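Read through the structure below, which is laid out as structure tokens, and then see the notes.
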Amino acid sequence: MSTTLLPPHRLSRRGFIKGSAALGIGTAALGLAPAWANPWGQTSSYPKGVENGPDISLAIRRQSVPIAGQPARPITLNGTSPGPLIRLKEGQDVTLRVTNLLDEPTSIHWHGILLPPEMDGVPGVSFAGIMPGETFTYRFPLRQSGTYWYHSHSGLQEQVGHVGPLVIDAEQREPFRYDREHVLLLTDWSFEDPSTIFHNLKTGEGYYNFQERTLGDFIDDVGRQGFASTWEARAMWARMRMSSRDIADVTGATYTYLLNGHSPDDNWTALFRPGETQRLRVINGSAMSYFDVRIPGLEMTVVAADGQPVRPVPVEEFRIGVAETYDVLVTPKEEVAYTIFAESMDRSGFARGTLAPRLGMAAAVPERRRIADRGMEAMGAHEGMDHGSMTAMDHSSMAGMDHGAMTAMDHSSMAGMDHGAMTAMDHSTMAGMDHGSMAAMDQSSMTGMDHGSMTAMDHSTMAGMDHGQMNDMGRSTGAAMLPVGAAQPGSRLDQPGIGLDARDRRVLVYQDLKAIAPWPDRRPPGRELELHLTGNMERYMWSFDGKKFSEVSGPIHFDKGERLRLILVNRTMMEHPIHLHGMWMELENGAGELIPRKHTLNVKPGERLSALITADAEGSWAFHCHLLYHMDAGMFRVVKVA
């Protein structure tokens with residue numbers, strides 16, 4: 001296979017449009033999709049829509065752009081939404097001039113890139129934001145390569161199209177070969193205003209969930225597993241006042257899932273020649289949606305995770321959490337079309353494209369899978385169980401809960417929790433708060449906050465803490481916290497997650513990931529820091545260790561140069577993609593010295609996982625859940641390395 005990326009045709013833009021017209025594909029069908037999403041092979045084939053470094057200018061504005069055949073006004077970057085592909089090269093010193101033509105402050109965070117803290121683009125941390133009419137110049141050296149992305153870190157702008165792909169070409173030859181590449185950027189678009197979505201989530205738990213249990217489901221489950229087992233499952237969820245189908249907070253009820261800015265009906269197509277190896281750079285740039293990605297009829301080989309090369313892993317499907325990236329190789333040998341299918345984790349919709357030898361071809365769209373149900377795996381009930389058998393467990397067989405008849409959960413009966421010692425929290429005082437207006441809060445107004453002067457909070461001393469005594473927002477009814485009798489969370493790195501069954505096809509799991517070579521810092525950790533992911537689904541509050549960002553008194557402290565172990569314990573019934581800015585997290589997945597590096601870790605419900613960190617980046621850094629509305633609702637902290 002060639003080590004050079006060779007586009008199959010070198011056409012001018014006029015020739016491309018002329019050829020498209022000959023195939024019956026007019027410019028209206030092409031829409032205003034970014035040129036990096038063209039089908040002709042290497043994504044840097046056309047200069048328009050691809051910004052090549054090291055010196056780049058970007059203009060951010062609101063524009064009228066049709067999305068899924070309907071009028072919309074997303075945020076655009078250089079006239080496109082999603083924004084242009086930014087293509088840089090390892091070893092460069094880059095300059096990116098960003099001009100804000102919006103009527104509100106904005107920002108760009110270069111997700112997963114190691115750079116000085118003042119260039120990281122998070123308003124209120126080490127950066128003031130970009131005011132309307134201003135131009136901010138980002139300058140930093142590139143010390144890495146791979147597939148990344150960029151997005152706004154101001155308010156909820158990410159939800160309205162302020163995202164784009166970022167590719168850094170390696171200085172040295174990569175450990176895998178391919179002939180052609182395509183960027184696949186997954187996003188979720190809503191015609192509702194993001195502040196309305198946030199208000200709706202505050203108003204009613206399950207506001208966007210229209211896949212609840214029915215009487216028919218209950219009868220079916222009784223037939224499959226008997227009345228006693230079905231009723232036991234029903235009663236368990238009733239006591240928690242939760243739904244076993246709370247898989248995603250925001251669903252296809254309001255979202256249109258997009259691939260490279262195209263809806264499923266657009267049939268965006270990437271071209272190949274039979275026998276060529278294609279590199280697909282898959283980026284989850286959505287606000288709230290996990291996707292399960294497969295190409296029926298083609299095996300995929302995962303060769304990079306979060307921009308970092310990994311030992312090849314052949315798979316048929318992989319789950320990609322919000323903000324993660326995966327690079328996969330595929331080699332279609334026949335002159336037929338293949339469907340690129342990215343199904344939302346809650347099965348409420350999908351993004352779709354086509355891999356084909358010529359335009360105009362299409363393949364069948366796979367049959368949609370039914371929504372799965374949360375089961376015992378979401379409650380951390382791991383101790384004493386056969387985890388091997390749990391992997392293939394069909395949780396969709398749990399059913400039949402009459403949520404209207406749910407009884408109030410008695411939190412006082414929760415084992416080991418000293419509620420008397422919990423700090424009182426009067427949630428009733430929040431009733432008059434206009435949460436809808438909070439969603440549009442300008443985070444750049446936090447610039448004046450002196451994070452360096454915040455009271456120090458030594459989280460390393462919290463390892464043995466009785467978290468039952470925390471000021472825990474999960475105390476009230478409707479909480480997303482683990483239920484009565486749940487065992488301590490444990491590792492499930494060998495399990496793909498809810499709704500995926502290893503018996504159907506080979507699915508990527510975190511345990512599969514191994515680095516190409518050992519990382520330079522192989523010191524054992526000098527200390528451990530344990531953080532609990534906490535929340536309240538009914539009030540839609542999300543937090544670390546029971547405290548929203550607005551309630552903490554200071555940053556989390558890392559000592560510069562130290563080696564530490566970060567332990568994340570998910571006490572909620574939802575997945576959380578946790579992102580640390582400025583440093584790598586090395587996922588402890590049993591790979592030994594080949595431990596994989598990631599910038600975003602997906603923590604499943606009831607899961608406990610750990611990562612090693614070398615605190616080599618002095619300054620203040622954001623640390624948060626990358627579900628946009630979770631972050632805005634309080635699941636955000638600042639890490640200070642000093």
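No experiment lies behind these values; they were computed from the predicted model shown. Computed from heavy atoms alone, side chains included, the values below leave out hydrogens, waters and symmetry copies.
D193 and S195 share a side-chain donor-acceptor pair at under 3.5 Å. Looking only at atom types and distance, the side chain of S543 has a donor-acceptor partner in the side chain of T534 under 3.5 Å away.
Among H630, H581, H576, the single residue meeting the side-chain hydrogen bond (donor to acceptor under 3.5 Å, both in side chains) criterion with H624 is H581. Considering M131, H153, Q157 in turn, Q157 is the only one that fulfils the side-chain contact (heavy atoms from CB on, under 4.5 Å) rule with T106. Just one residue in the list L594, N589, V310 forms a side-chain contact (heavy atoms from CB on, under 4.5 Å) with K514, and that residue is L594.
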query: So E607 and R492, salt bridge (charged side-chain N to carboxylate O under 4.0 Å, His left out) or not? Walk me through it.
result: CA-CA 6 Å; E607 184 171 39; R492 292 194 289 117; 5.4 Å; no
For this session: I would like to know whether R319 and E324 meet salt bridge (charged side-chain N to carboxylate O under 4.0 Å, His left out); could you show each step before the answer?
Result: CA-CA 10 Å; R319 172 162 292 169; E324 289 187 306; over 6 Å; no
Check: How far apart are the C-alpha atoms of M300 and Y326, what are their side-chain angles, what is the distance that settles it, and do they pass the side chain to side chain contact (heavy atoms under 4.5 Å, CB included) test?
Finding: CA-CA 11 Å; M300 301 179 287; Y326 285 108; over 6 Å; no
Q: In sequence, state the C-alpha distance, the side-chain angles, and the governing distance for L96 and I108, and then conclude on side chain to side chain contact (heavy atoms under 4.5 Å, CB included).
A: CA-CA 10 Å; L96 300 120; I108 293 183; over 6 Å; no
Passes side chain to side chain contact (heavy atoms under 4.5 Å, CB included), Y150 versus I113? Steps please. CA-CA 9 Å; Y150 61 93; I113 306 303; over 6 Å; no
Worksheet item: Could you go step by step and tell me if L114 and D616 meet the side chain to side chain contact (heavy atoms under 4.5 Å, CB included) rule?
Response: CA-CA 10 Å; L114 306 180; D616 56 0; over 6 Å; no
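A salt bridge is absent between D169 and K89; no separation between the charged side-chain nitrogens and carboxylate oxygens falls under 4.0 Å.
Taking the six-membered ring for Trp and thresholds of 30 and 60 degrees, H599 and Y148 have ring planes inclined between 30 and 60 degrees apart. In this structure, W149 and H626 have tilted ring planes: the angle between them lies in the 30° to 60° band.
Here CG of N570 is found 12.0 Å from CG of L531. Values are rounded to the nearest 0.5 Å. The structure places CD of E588 at 4.0 Å from CG of L612, a figure rounded to the nearest 0.5 Å. Rounded to the nearest 0.5 angstrom, W584 CH2 and I613 CD1 are separated by 12.5 Å. Here the CG atom belonging to D55 is positioned 11.5 Å from the CG atom belonging to D93, to the nearest 0.5 angstrom. L58 CG to R97 CZ: the interatomic distance, rounded to the nearest 0.5 Å, is 11.0 Å. Note: S57 OG to E51 CD = 8.0 Å, rounded to the nearest 0.5 Å.
Looking at every heavy atom in both residues, E551 comes nearest to K547 through OE1-CA, 3.4 Å. Among all heavy-atom pairs drawn from S620 and P117, the shortest one is O-CB, 3.9 Å. Contact detail for E575 and L627: the closest heavy-atom pair is O-CD1, 3.5 Å. Nearest heavy atoms, M585 versus A611: CB-CB, 3.9 Å. Taking both residues in full, the closest heavy atoms of P555 and R637 are given as C-NH2, 4.2 Å, listed atom of the first, atom of the second, then distance. Nearest heavy atom pair, residue V322 against residue S286, reads CG1-O, 3.2 Å.
Side-chain contact between V183 and T147 is absent, with no heavy-atom pair separated by less than 4.5 Å. No side-chain heavy atom of Y510 sits less than 4.5 Å from a side-chain heavy atom of K604. Between K202 and M541 the shortest side-chain heavy-atom distance falls below 4.5 Å. For the pair F544 and L533, the minimum side-chain heavy-atom distance is below 4.5 Å. When side chains are defined from C-beta on, F136 counts as touching M119, because their heavy atoms get closer than 4.5 Å. Using a 4.5 Å heavy-atom threshold, the side chains of V293 and L186 count as touching. Here the side chains of P605 and T572 are not in contact, with every heavy-atom distance at 4.5 Å or above. With a 4.5 Å cut-off on side-chain heavy atoms, D103 and P132 do not count as touching.
Put simply, the side chain of D306 gets close to the backbone of T325: a donor and an acceptor are under 3.5 Å apart. Counting only distance, with no hydrogens or angles, the side chain of W621 and the backbone of A617 share a donor-acceptor pair below 3.5 Å. Between the side chain of E618 and the backbone N or O of G561, no donor-acceptor pair lies under 3.5 Å. No side-chain donor-acceptor contact under 3.5 Å links S81 to the backbone of G83. With hydrogens and angles ignored, the 3.5 Å screen pairs no side-chain donor or acceptor of D559 with any backbone N or O of E562. For N260 (side chain) and L185 (main-chain N/O), a donor-acceptor pair under 3.5 Å exists by modelled atom type. For Q511 (side chain) and D494 (main-chain N/O), no donor-acceptor pair under 3.5 Å exists by modelled atom type. With hydrogens and angles ignored, the 3.5 Å screen pairs a side-chain donor or acceptor of R563 with a backbone N or O of D521.
The aromatic ring centres of H151 and H109 sit less than 6.0 Å apart.
Residue pairs meeting the side chain to side chain donor-acceptor pair (under 3.5 Å) criterion with at least one member in residues 130-139, sequence neighbours excluded: T99-T135.
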